[in-house]
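What follows is one structure encoded as structure tokens, with my remarks underneath.
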Amino acid sequence: MTVVWINGAFGAGKTTTAQELIELIPNSTLFDPEVIGGALRYLLPPKHLAGVGDFQDLPIWRRLVIDTAAAMLAELGGTLVVPMTLLRQEYRDEIFGGLAARRIAVSHFLLAPAETILRERIAGREVPRDLSDGEMRIRQWSFDHIEPYRAALASWLTADAHPVDTSDLTPRETAARIAEAVNSGSVPVCDIVQTPEPTAETLAAGVLLFDEQGRVLLVDPTYKAGWEFPGGVVEPGEAPARAGVREVAEETGIHLDEVPSLLVVDWERPAPPGFGGLRLLFDGGTLDSTEAGRLLLPGPELRDWRFVTEEEAADLLPPVRYERLRWALRARERGAAFYLEAGVPFG
């Protein structure tokens, strides 16, 4: 089961290309995530949607895109062709990582006409006749997103996706080039970590690493949204502390010589679609400047990393995860571990 994701600026011709493409790739089906956004207008209360300028900013939209794509492939098999603009790397990582967790490979293509051609296409774009002020709003929306598209091109998009210059190509010709690349395997699938979706409560071990200024290391994984501590799920039969050491080495390249001491045991309550479980934090100690300098650059597992103060961490971590860090720092000061439930200490 595979996904061919067709990215590009609004107005780049993704949908028309996708419609042509399913005629060229055997056993392929079109899935337009725009239908998810349309459905959310009926599923969510108006007050929840108030002020939402883009459905992509809603976590439920991103989750439903992943779940719907997986369900369609489970039902139909073959290849799913998905025309959808993704200009925020964290959304790309969340969606592609969610698909990878379901063992669904993604080939990522970028339709990249010259900007003058793009503007001409937006200006001539057809819009529904029955949509009030539709022509003005849809075209202005597309024009407004040219700048974010430029920013994505300059930072991550061209390095991540296979570009196809469509300046002089018809949608059929563009689809033929993509089909040839897919069928020949000349474009590799996205290099993103495959973390299987849990089916029950999990045991996870994180390790706190500090620099010489006492700041703690946080990492930004590619396979899920939000900042985290180095670490991961403990494998069956694996000691939690050693799992943390293993994950630190895999993610950062830092090899700890000693088994770290326990700081926090936190029970994370189930919150569908998550199953919760036990979350352990260990003290990995202080890295001197030489060791800190050996941290790996971001790769398949990490988008970014940084050392932060406790106050800075509050702006990066989800509330429960921040509380876990806060009590871990207190445990480090007093030399005794804390037991928490959903970030709240007991005993």
Side-chain angles (χ1 to χ4, degrees), residues 1-43 54-56 58 60-87 91-92 94-100 102-113 118 121-122 124-128 131 134 138 141-142 145 149 157 160-164 166 169-187 189-190 192:
M1 298 188 298
T2 61
V3 164
V4 175
W5 196 285
I6 303 177
N7 204 346
F10 295 98
K14 300 179 298 299
T15 300
T16 51
T17 296
Q19 290 167 342
E20 297 282 358
L21 186 59
I22 61 173
E23 301 297 325
L24 301 175
I25 298 179
N27 193 21
S28 62
T29 307
L30 178 66
F31 166 44
D32 189 347
E34 288 285 352
V35 301
I36 303 296
L40 290 178
R41 296 184 185 277
Y42 301 96
L43 296 174
D54 191 334
F55 281 116
Q56 293 193 13
L58 293 169
I60 188 175
W61 180 87
R62 304 192 296 274
R63 184 181 301 158
L64 285 174
V65 168
I66 298 167
D67 291 343
T68 304
M72 289 183 67
L73 284 170
E75 182 76 17
L76 302 171
T79 298
L80 207 60
V81 177
V82 184
M84 191 71 220
T85 298
L86 284 178
L87 300 182
Y91 292 174
R92 172 268 183 202
E94 182 179 348
I95 293 172
F96 287 15
L99 293 171
R102 291 160 172 79
R103 298 296 186 257
I104 298 170
V106 181
S107 295
H108 189 189
F109 291 86
L110 172 67
L111 304 192
L118 177 62
R121 291 178 182 175
I122 293 174
R125 186 177 183 182
E126 293 186 8
V127 297
L131 186 61
I138 290 177
W141 170 273
S142 300
H145 282 77
Y149 169 67
L157 193 49
D160 184 86
H162 179 74
V164 179
T166 63
L169 300 179
T170 65
R172 184 71 177 187
E173 291 169 335
T174 302
R177 291 199 180 183
I178 295 174
E180 181 182 2
V182 170
N183 293 331
S184 67
S186 60
V187 174
V189 298
C190 289
I192 191 164

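Atom set for the values below is all heavy atoms of this structure, side chains included, hydrogens, waters and symmetry mates excluded.
By the side-chain contact (heavy atoms from CB on, under 4.5 Å) test, Val189 pairs with Ala105, Ser107, sequence neighbours left out. Residues satisfying the side-chain contact (heavy atoms from CB on, under 4.5 Å) criterion with Val182, sequence neighbours excluded, are Val4, Ile25, Phe109, Ile178. Ser184 pairs by the side-chain contact (heavy atoms from CB on, under 4.5 Å) definition with Ser186, not counting sequence neighbours. Not counting sequence neighbours, the partners of Gln19 by the side-chain contact (heavy atoms from CB on, under 4.5 Å) test are Thr15, Thr16, Leu30. Taking the side chain to side chain donor-acceptor pair (under 3.5 Å) definition, one finds that His108 meets it with Asn7, Asp160, sequence neighbours left out. The salt bridge (Lys or Arg N to Asp or Glu O under 4.0 Å) test applied to Asp32 returns no partner, not counting sequence neighbours. For Asp67, the side chain to side chain donor-acceptor pair (under 3.5 Å) partners two or more places apart in sequence, or in a different chain, are Arg102.
Minimum heavy-atom separation, Thr17 to Ala175: O-CB, 3.7 Å. Gln56 approaches Thr85 most closely through the heavy-atom pair NE2-O, 2.6 Å. Taking every heavy atom of both residues into account, Leu21 and Ser28 meet most closely at O-OG, 4.3 Å. Between Val65 and Phe31, the shortest heavy-atom distance links the atoms O-CE2, 3.8 Å.
Contact check for Thr174 versus Arg177: no side-chain heavy atoms found under the 4.5 Å cut-off. Proximity of Leu157 to Tyr149: side-chain heavy atoms (C-beta onward) are separated by under 4.5 Å at one or more points. For the pair Val164 and Leu169, the minimum side-chain heavy-atom distance is below 4.5 Å. Put simply, the side chain of Arg41 reaches to within 4.5 Å of the side chain of Phe55, judged on heavy atoms. Residues Leu40 and Trp61 form a side-chain contact, since some pair of their non-hydrogen atoms from C-beta on lies under 4.5 Å apart.
Among residues at least two apart or in separate chains, salt bridge (Lys or Arg N to Asp or Glu O under 4.0 Å) pairs with a member in residues 9-21 are Glu20-Arg172.
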List the atom pairs, donor and acceptor, that lie under 3.5 Å between side-chain atoms in residues 68-84 and the rest of the protein, sequence neighbours left out.
| unit_1 | atom_1 | unit_2 | atom_2 | d |
| --- | --- | --- | --- | --- |
| Thr68 | OG1 | Leu64 | O | 2.6 |
| Thr79 | OG1 | Thr2 | OG1 | 3.1 |

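Remark: Glu173 CD is packed, more than 12 non-hydrogen atoms of other residues, nucleotides or ligands lying under 6.0 Å away.
If you take CG on Leu24 and CD on Glu180, they are separated by 11.0 Å, rounding to the nearest 0.5 Å. To the nearest 0.5 angstrom, Ile36 atom CD1 is 9.5 Å from Ile60 atom CD1.
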